[in-house]
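Lettering of chains follows the sequences in order, A, B, ..., and the numbering in each one begins at 1.
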Protein chains: 2
Amino acid sequence: MDRRQRKTRGAIFQAFSSLLEMKRYSAITVQDIIDAADVGRSTFYAHFNTKEELLRAMCDDIFEHVFSAEVMREPEHDFSSADSFRDRITHILCHLQEKQHHIKGIFAGECGEIFMKYLREYLWEVFDRRLPEDGEIPRDYRLNHAVSAFAEGIRWWFGGHGEYTPEQISAFFFGTVDC
Amino acid sequence: MDRRQRKTRGAIFQAFSSLLEMKRYSAITVQDIIDAADVGRSTFYAHFNTKEELLRAMCDDIFEHVFSAEVMREPEHDFSSADSFRDRITHILCHLQEKQHHIKGIFAGECGEIFMKYLREYLWEVFDRRLPEDGEIPRDYRLNHAVSAFAEGIRWWFGGHGEYTPEQISAFFFGTVDC
DNA sequence: CTGATACAGAACACACTGTTCGTTACTTTG
DNA sequence: CAAAGTAACGAACAGTGTGTTCTGTATCAG
């Protein structure tokens, strides 16, 4: 990738991210972004067709970092042991914490929902490998339950409870849900 | 309230609701709504200052129906018995099912998030009265956990699992979470 | 050095928003 | 039943944001 492209892309991400901490998503205009990023209008549209696409790209960027090493690079990992599963979960939380600065703005506003949606998709995969078959309750329901509780736990964490460590959040989760 | 007002308001709600089943929220314009509702432009703005306000009004409408009899009219109800709490939850599910037709469109798209946000606010109150004090895990976390799991359970229900009865959903929930 | 590629910036057509106002139709009150 | 009040209509309007196009300039890779 061209150095100019990286630079521009980074500037836009940075601008958008900090704008999100001040304004709600729908109140942010493309003009705001290109002003803050200090790039030309046509340049923005050369990178992203729409504001929404930019948001999606930012989410992908984050999740690539958070999940790549954890899940993608070891697709054969079985999560058979409860301990190893718990480790994975804690790792995910650690990586999210690293990206804290980028994520906070996204979580704050209405686009937090979009972020959550993507997050849930990734988490679904992770939990899908772990959740046991048994029970009268539909597996689908239980999977949804676990993913929802964990994802919303993360949102809770970022939304004013940053004092806890990833290990603690992990402990809270496993103390409340049975996996 | 004037009959004309009611009629207009109803027509707009109806139009918006059915539009939501075909299009995503942000793709729906005020023009679309007034065309579908067959009302004048100025009339729309006499009722709602913005599309967002319309959505909020619709949500309020629904929740007033779902929660009024359950919670508001008996604010002193204590939920002390596990059974009565479970009954309340089931009642809420029943009332949601009644409003199914109006809710489906809202749930579908991105504005489902707004609906969920309101839903969570109401549920928070309900669960707040029930959740015990004890435990090492912060009460706040556990409350968030229960509310999230239940709310997302409802979304799951409306999102293609309508074959289950309110009683079953209730059973699924209480079989997964400990309240 | 050179061709390719990215950026700047201005101009543009287009779409949607939210407001205003004069007119018509309906509803309530006296 | 009439009169006053209120809501709806619909056209016109300015304002704002979108996404595209184009020309010229700067930067990159080989």
Every protein N/O within reach of nucleotides 8-14 of chain C N/O, cut-off under 3.5 Å:
residue: dA8(C); atom: OP2; partner: Gly40(A); partner atom: N; Å: 2.6
residue: dA8(C); atom: OP2; partner: Thr43(A); partner atom: OG1; Å: 2.8
residue: dA8(C); atom: N7; partner: Ser42(A); partner atom: OG; Å: 3.3
residue: dG9(C); atom: N7; partner: Ser42(A); partner atom: OG; Å: 3.4
residue: dG9(C); atom: O6; partner: Ser42(A); partner atom: OG; Å: 2.6

Margin query: With a 6.0 Å cut-off (strictly less than), is the heavy-atom count around CD of Glu163(B), excluding the residue itself, greater than 12?
Written below: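 Counting neighbours around CD of Glu163(B), more than 12 heavy atoms of other residues, nucleotides or ligands fall under 6.0 Å, so yes.
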Margin query: Counting only heavy atoms not in Lys99(A) (residues, nucleotides, ligands), do more than 12 fall under 6.0 Å from its NZ?
Written below: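 Above 12, so yes.
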Margin query: If the condition is ring pair (Phe, Tyr, Trp, His ring centres under 6.0 Å), which residues does His102(A) pass it with, not counting sequence neighbours?
Written below: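 None.
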Next item on the list: State which residues pass ring pair (Phe, Tyr, Trp, His ring centres under 6.0 Å) with Tyr118(B); sequence neighbours excluded, sorted by chain then number.
Entry: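 Tyr118(B) satisfies ring pair (Phe, Tyr, Trp, His ring centres under 6.0 Å) with no other residue.
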Measure [atom1]/[X] against [atom2]/[N] and give the value in whole Å, please.
X: Leu54(B); N: dT17(C); atom1: CG; atom2: P; result: 12 Å
X: Asp32(B); N: dA15(C); atom1: CG; atom2: P; result: 13 Å
X: Tyr45(A); N: dA6(C); atom1: OH; atom2: C1'; result: 18 Å
X: Ile33(B); N: dC16(C); atom1: CD1; atom2: P; result: 12 Å

Before accepting this row, confirm whether a basic side-chain N of the pair [X]/[Y] lies closer than 4.0 Å to the acidic partner's carboxylate O.
X: Asp128(A); Y: Arg139(A); answer: yes
X: Arg120(B); Y: Glu113(B); answer: no
X: Arg56(A); Y: Glu53(A); answer: no

Notebook entry, point to check: Are Trp156(B) and Tyr164(B) near enough that their ring centres are under 6.0 Å apart?
Noted result: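 Yes; Tyr164(B) has its ring centre under 6.0 Å from that of Trp156(B).
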Next item on the list: Would you list the pairs meeting side chain to side chain donor-acceptor pair (under 3.5 Å) in which at least one residue belongs to residues 10-27 of chain A, sequence neighbours left out?
Entry: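 Non-adjacent pairs meeting side chain to side chain donor-acceptor pair (under 3.5 Å): Lys23(A)-Asp32(A), Arg24(A)-Ser26(A), Arg24(A)-Glu110(A), Arg24(A)-Glu52(B), Ser26(A)-Glu110(A).
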Check: What one-letter contact string describes nucleotides 24-30 of chain C from 5' to 3', where B marks a base within less than 4.0 Å of any protein heavy atom, S marks contact via sugar-phosphate atoms alone, and - marks no contact?
Finding: -BBS---
Note to self: Is the shortest side-chain heavy-atom distance between Phe150(B) and Leu93(B) below 4.5 Å?
What the structure shows: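 Phe150(B) reaches Leu93(B) side chain to side chain.
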Notebook entry, point to check: Strictly by modelled atom types, are Arg142(A) and Thr176(B) linked by a side-chain donor-acceptor pair under 3.5 Å?
Noted result: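 Not at all, the side chains of Arg142(A) and Thr176(B) share no donor-acceptor pair under 3.5 Å.
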Margin query: Quick check for you: name the first and last nucleotides of DNA chain D, 5' to 3', having an atom under 4.0 Å from a heavy atom of chain A.
Written below: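 Result: dG17(D) to dC28(D).
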Next item on the list: Give a yes/no answer on whether the side chain of Gln5(A) brings an N or O atom under 4.0 Å of OP1 or OP2 in dA6(C).
Entry: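 Result: yes.
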